[in-house]
Amino acid sequence: LIATEEGADTSTRVSENLLEVRTMLATRMDEWKQEWKRQWLHEGRQEGRQEGRQEGEVVVLIRLLERRFGDLPDWARDKISSADTADLEEWSLRVLDAKALDEVFR
């Protein structure tokens with residue numbers, strides 16, 4: 001009889017421990033999900049800002065070049081559209097000194 005009572009007591013403790021572990025894991029999973037969500041939103045905002053800045057630089061560079069040199073040929077628009085931020089910034093500075101459109105892109 002004692003062995004049976006001890007066995008029942010042990011199995012009750014194991015069940016209680018398993019429930020605690022399950023509850024703890026569920027809580028942790030919720031915390032991890034929230035952290036991952038915050039991280040993804042933060043990264044998404046950063047990417048969106050970078051894309052917005054780059055699009056703005058494209059628009060400004062095209063305006064500057066058109067103001068200085070007139071209508072842009074397709075090759076110039078294509079080059080600008082596919083450029084990275086560093087090139088866009090460099091070309092924007094060159095607009096000030098360039099005497100011809102092709103000097104901007106050298």
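- Here the rule is side-chain contact (heavy atoms from CB on, under 4.5 Å) with Val58, and of Leu61, Ile62, Val60 only Ile62 fits it.
- We find the CE-CG distance between Met24 and Leu19 to be 12.5 Å, quoted to the nearest 0.5 Å.
- Contact annotation: the side chain of Phe105 approaches that of Ile80 to within less than 4.5 Å [non-hydrogen atoms, C-beta and beyond].
- Taking hydrophobic clusters as Ile, Leu, Val, Met, Phe, Trp and Tyr residues chained together by side-chain heavy-atom distances below 4.5 Å, Val59 does not share a cluster with Leu101.
- Of the possible donor and acceptor atoms, one in the side chain of Glu103 sits under 3.5 Å from a partner among the backbone N and O of Lys99.
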**Q.** Residues Trp91, Val95; criterion side chain to side chain contact (heavy atoms under 4.5 Å, CB included); working and verdict
**A.** CA-CA 6 Å; Trp91 297 338; Val95 169; 5.7 Å; no
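- The shortest heavy-atom contact between Asp84 and Asp87 is OD1-N, 2.9 Å.
- For the pair Arg53 (side chain) and Thr85 (backbone), a donor-acceptor distance under 3.5 Å is absent.
- If you run side-chain contact (heavy atoms from CB on, under 4.5 Å) between Arg77 and each of Asp71, Leu65, Leu72, only Leu72 comes through.
- With Glu35 as the fixed residue, the side-chain hydrogen bond (donor to acceptor under 3.5 Å, both in side chains) test singles out one of Arg38, Lys33, Lys37, Gln39: Arg38.
- Using a cutoff of 4.0 Å between basic side-chain nitrogens and carboxylate oxygens, Arg28 and Glu31 are scored as salt-bridged.
- Within 6.0 Å of the CZ atom in Arg68, the count of heavy atoms belonging to other residues, nucleotides or ligands exceeds 12.
- Distance NZ/Lys79 to OG/Ser81: 12.0 Å, rounded to 0.5 Å.
- Under a 3.5 Å cut-off, the side chain of Gln54 and the backbone N or O of Ala83 do form a donor-acceptor pair.
- Cluster annotation: Trp40 and Met29 are assigned to the same hydrophobic cluster (Ile/Leu/Val/Met/Phe/Trp/Tyr, side-chain heavy-atom contacts under 4.5 Å, transitive).
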